[in-house]
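Heads up, the thing below is written out as structure tokens.
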Amino acid sequence: MLHGLRQLATPLADGGMRVVADAWVAFEEGRVAAVGSGTPPAGGERIDADGMVAIPGFVDSHTHAVFGRSRADELERRVRGESYASIAASGGGILASVADLRRRSEDELVELARPRLLAMLASGTTTAEVKSGYGLSLDDELKTLRAIERLRSLVSLELVPTFLGAHAVPPEFLADRAGYVRLLAREMLPAVADQGLARFCDVFCDRGAFTLEEAETVLSAARDLGLGLKVHADEFENLGATEMAVRLGAASADHLLRVGESGIRALAGSRTVATLLPGTALFLGLPYAPARRLLEAGATLALATDFNPGSCPCASMATVWTLASCGMGVPLDDALRALTLGGARALGLQDEVGCVAPGRRADLSLFDVADYREIPYFFGENRCAGVVRGGSVVWSRSSPQS
């Protein structure tokens, strides 16, 4: 039982929002048994929240947390006027991270990624998707996915692995794009599926990445192997990737900085989640995705960090909340829904996490604020004071190694 909460704020599965003052949450076998206000029922193990505010644990449904070195040098180049595309063309960008990761062992990747994931946990995230995509060869992609699998037992986060072999065309295939697509569809994906190393397959479909035809080839092969689908869609150019994602039944279409009215209509009439990554737009100096248009059309929104070494080295979902509301005009309650239930839906976990209600897994994050709206208000500060996962405290500010 978690008691002594100043306030509990949670989106509800039916679309509403529940805010409970002087709240308590009862747990049973790792799940929420009841939520109430005032004097809690007697009995059972008790966790004193000491006047904190609770929300569902953040569900970060788009990250690239397994990588080698940072690319802080590229920030300096962009500030001086170089574009993301020109930096990539000169040997930077994704392929710089590929060259770095290929030189590293699986043990190194685990060692480097663990503190990043712990930082996510310490900012209130309890579930995170993690992609491969900096290996771009069979051995290096499998190495990355095995690292993610090992990390699942080393951090108190639920990790959802995604295969992103179609992140970029590797240098050795630049003169044979079709050969790399065949490798993805005929060798890499079957190996990933056979070893059970990923729940989803993602493809970067955009200018400078993969064409619609190439993306559909890879995604269709993944679907035939039983993997869920995700698409990096319409980030730099509107190629129709969002419409393709919807047509193929993808769980989510992500980025959407350049999505058009046709893509918005397609999302609104589908089960595909529009996953927006405002930290990336900020870091690259690009216009934000049309969040209000998507909301008004009836699309389901998720908000995620896109935590990665090149275009968004930010692990804080609270910061994403601020950017979504102040930068994209997403109302605070809609943003909280997108950071929790929306992310859960983008990962196929909408019946498990993202909401504090009876039957859901007891994943909550506690913040040292007077009201849940102060979480995005105090931007740049980490007000997270504790994290509960499955009804147990897995991190607290007073005992960070717990």
Side-chain angles (χ1 to χ4, degrees), residues 1-59 120-127 156-158 317-318 321 325 331-344 349-378 381-402:
M1 158 117 25
L2 179 65
H3 68 96
L5 289 165
R6 179 190 296 268
Q7 183 187 67
L8 166 70
T10 180
L12 300 176
D14 65 4
M17 182 80 179
R18 186 180 187 188
V19 180
V20 182
D22 189 21
W24 53 263
V25 183
F27 308 139
E28 184 175 336
E29 296 183 349
R31 295 187 175 269
V32 176
V35 176
S37 179
T39 303
E45 183 179 353
R46 302 166 81 84
I47 303 168
D48 186 355
D50 195 25
M52 300 296 172
V53 169
I55 61 171
F58 291 128
V59 180
M120 295 168 70
L121 177 70
S123 63
T125 296
T126 52
T127 301
S156 297
L157 282 163
E158 178 173 6
M317 289 283 270
W321 191 350
S325 294
L332 293 180
D333 286 359
D334 288 318
L336 177 57
R337 172 175 294 276
L339 292 157
T340 53
L341 269 178
L349 298 174
Q350 61 270 24
D351 295 327
E352 284 289 309
V353 295
C355 173
V356 181
R360 301 295 183 110
R361 196 167 68 215
D363 290 5
L364 302 94
S365 294
L366 311 182
F367 288 82
D368 184 12
V369 293
D371 182 277
Y372 72 99
R373 292 166 294 191
E374 289 186 348
I375 299 171
Y377 173 80
F378 288 114
E381 297 183 39
N382 182 12
R383 292 295 188 99
C384 187
V387 178
V388 173
R389 182 160 181 258
S392 298
V393 176
V394 295
W395 180 86
S396 70
R397 188 168 56 197
S398 59
S399 181
Q401 299 303 315
S402 62

Given Ser365 and Thr126, is the side chain to side chain contact (heavy atoms under 4.5 Å, CB included) satisfied, shown in steps? CA-CA 8 Å; Ser365 294; Thr126 52; 4.2 Å; yes

Kindly indicate, with the supporting measurements, whether the criterion side chain to side chain contact (heavy atoms under 4.5 Å, CB included) is fulfilled by Thr125 and Leu157. CA-CA 8 Å; Thr125 296; Leu157 282 163; 4.0 Å; yes

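Here the shortest heavy-atom pairing between Cys384 and Ala122 reads CB-O, 3.4 Å. Val32 and Ala362 get closest at one heavy-atom pair: CG2-CA, 3.9 Å. Considering all non-hydrogen atoms of both residues, Gln7 and Asp371 come closest at NE2-OD2, 3.2 Å. Across Gly390 and Arg361, no two heavy atoms sit closer than the pair CA-CG, 4.2 Å.
For Asp368, the side chain to side chain donor-acceptor pair (under 3.5 Å) test picks out Arg397, with sequence neighbours left out. With sequence neighbours excluded, no residue satisfies salt bridge (charged side-chain N to carboxylate O under 4.0 Å, His left out) with Asp333. Under the side-chain contact (heavy atoms from CB on, under 4.5 Å) criterion, Leu332 pairs with Trp321, Ser325, Arg373, Pro376, sequence neighbours left out. For Arg389, there are no side chain to side chain donor-acceptor pair (under 3.5 Å) partners two or more places apart in sequence or in a different chain. Contacts of Arg383 classified as side-chain contact (heavy atoms from CB on, under 4.5 Å), with partners at least two apart in sequence or in another chain: Phe367, Val369, Phe378, Glu381. Remark: Arg6 pairs with no residue by the salt bridge (charged side-chain N to carboxylate O under 4.0 Å, His left out) rule, at least two apart or across chains. Scanning for salt bridge (charged side-chain N to carboxylate O under 4.0 Å, His left out) contacts around Arg337 gives an empty result, with sequence neighbours left out.
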Table please: side-chain donor-acceptor pairs of residues 8-26 below 3.5 Å, with sequence neighbours left out.
unit_1	atom_1	unit_2	atom_2	d
Thr10	OG1	Val356	N	2.9
Asp14	OD1	Gly16	N	2.9

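Expressed to the nearest 0.5 Å, how far CG of Leu341 lies from CZ of Arg360 amounts to 6.0 Å. Remark: Met1 CE to Ile47 CD1 distance equals 10.0 Å, nearest 0.5 Å. Atom CG of Leu5 sits about 10.0 Å away from atom OG of Ser37, to the nearest 0.5 Å. Atom CZ of Phe58 and atom OG of Ser123 lie 7.5 Å apart (nearest 0.5 Å). In this structure, Leu121 CG and Thr127 OG1 are separated by 10.5 Å, a value rounded to the nearest 0.5 Å. Residue Asp363 holds its CG atom at 12.0 Å from CD1 of Ile55, rounded to the nearest 0.5 Å.
Looking only at side-chain heavy atoms (C-beta outward), Val388 and Phe27 come within less than 4.5 Å of each other. Side-chain contact between Glu158 and Leu349 is present, with at least one heavy-atom pair separated by less than 4.5 Å.
Screening residues 24-43 for salt bridge (charged side-chain N to carboxylate O under 4.0 Å, His left out), with sequence neighbours left out, gives Arg31-Glu352. Listed by first then second residue, pairs satisfying salt bridge (charged side-chain N to carboxylate O under 4.0 Å, His left out) with a partner in residues 40-59 number zero, not counting sequence neighbours.
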